[in-house]
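Hydrogens, waters and symmetry mates are skipped; everything else that's a heavy atom, side chains included, is used.
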Amino acid sequence: MVRSIYIGSLLTLLLLLSGCTRNNGDIGNLFGTWRLETMTKNGEEVDLYSNLTKVYTWAFQSHIVRIQDIRDNMDYVNYYGSWCKEKDVLILDFTYEDENGNGEYLPPSPLHLNADGITRLDVNQTSSKEMKLSYRSVDDVEYSYYLRKIP
């Protein structure tokens, strides 16, 4: 009886220790879902939430990024790409083929990410709770994104 309790406890401990919460390893502070609080264009705030969209979220896991456009009645649109980080630059890649033709591999146009699908964002500030990103577009417009981690 004691032996079976010992073996059962050991197996439970092994299962707990072998489980992972982050696929493909630790990606640091970026892991999880972030709410886009504000966006600015040349220092002036852009009104992102006056029409259909109620919330934009950015979710990072492994090397996949999902930007979700959440609307009234909990309707939503997902946009998928990949990401990588090189020093203080976050690179978003939305250049994948969209076999269904529904635009899920394109960046959402209201966010003004590069139309060619690759956006190199300067990481101005990052912590486990806040992130500030910016980039200058090809038409010389400075965009800044202020995101807060959703607990």
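Of all the heavy atoms in Arg71 and Lys54, the pair that sits closest is C-CG, 4.0 Å. For Ser127 against Trp34, the heavy-atom pair with the smallest separation is O-CH2, 3.4 Å. Here the shortest heavy-atom pairing between Leu113 and Pro107 reads CD1-CB, 3.8 Å. The two residues Tyr105 and Tyr96 come nearest to each other via the heavy atoms CB-O, 3.6 Å. The shortest non-hydrogen separation linking Lys149 to Asn29 is NZ-O, 3.4 Å. Among all heavy-atom pairs drawn from Ser137 and Asn114, the shortest one is CA-OD1, 4.4 Å.
Between Leu48 and Tyr56 the shortest side-chain heavy-atom distance falls below 4.5 Å. Contact check for Arg148 versus Met131: no side-chain heavy atoms found under the 4.5 Å cut-off. Side-chain contact between Leu121 and Leu92: present, with at least one pair of heavy atoms (C-beta onward) separated by less than 4.5 Å. Looking at Thr119 and Tyr135, their side chains come closer than 4.5 Å, going by heavy atoms from C-beta outward. Contact check for Glu130 versus Leu147: no side-chain heavy atoms found under the 4.5 Å cut-off. A 4.5 Å side-chain heavy-atom check between Ile150 and Thr57 finds at least one atom pair inside the cut-off.
Here the straight-line distance linking atom OH of Tyr146 with atom CD of Glu37 works out to 12.5 Å at 0.5 Å rounding. Taking CD1 of Ile91 as the start and CZ of Arg120 as the end, the distance is 4.0 Å to the nearest 0.5 Å. One distance of note links CG of Leu106 with CZ of Phe94; it measures 9.0 Å at 0.5 Å rounding. Here the CE-OG distance, from Met39 to Ser144, works out to 9.0 Å after rounding to the nearest 0.5 Å. A distance of 15.5 Å separates CZ of Arg66 from OG of Ser82, quoted to the nearest 0.5 Å. Taking OG1 from Thr53 and CG from Asp47, the interatomic distance works out to 10.5 Å, rounded to the nearest 0.5 Å.
Within the 3.5 Å criterion, the main-chain N or O of Gln68 finds no donor-acceptor partner in the side chain of Asn78. Side-chain N or O atoms of Ser134 include none that pairs as donor or acceptor with a backbone N or O of Tyr143 at under 3.5 Å. Looking only at distances, no side-chain donor or acceptor of Thr40 sits under 3.5 Å from a matching main-chain atom of Glu44. With hydrogens and angles ignored, the 3.5 Å screen pairs a side-chain donor or acceptor of Asp116 with a backbone N or O of Ile118. Put simply, the side chain of Trp83 gets close to the backbone of Ser62: a donor and an acceptor are under 3.5 Å apart.
The local environment of OH in Tyr49 is crowded, with over 12 non-hydrogen atoms from other residues, nucleotides or ligands closer than 6.0 Å.
Val123 and Phe60 fall within the same hydrophobic cluster, where Ile, Leu, Val, Met, Phe, Trp and Tyr residues are linked whenever their side-chain heavy atoms come under 4.5 Å apart, directly or through other members. Phe31 and Ile67 fall within a single hydrophobic cluster, where Ile, Leu, Val, Met, Phe, Trp and Tyr are joined by side-chain heavy atoms under 4.5 Å apart, directly or via other members. When the side chains of ILVMFWY residues are joined at heavy-atom separations under 4.5 Å, either directly or via intervening members, Leu36 and Val46 end up in a single hydrophobic cluster.
Considering Leu133, Val89, Leu90 as possible partners of Asp122, the one that fulfils the side-chain contact (heavy atoms from CB on, under 4.5 Å) test is Val89.
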Please walk me through it: do Asp69 and Tyr76 pass side-chain contact (heavy atoms from CB on, under 4.5 Å)?
-> CA-CA 5 Å; Asp69 174 347; Tyr76 61 89; over 6 Å; no

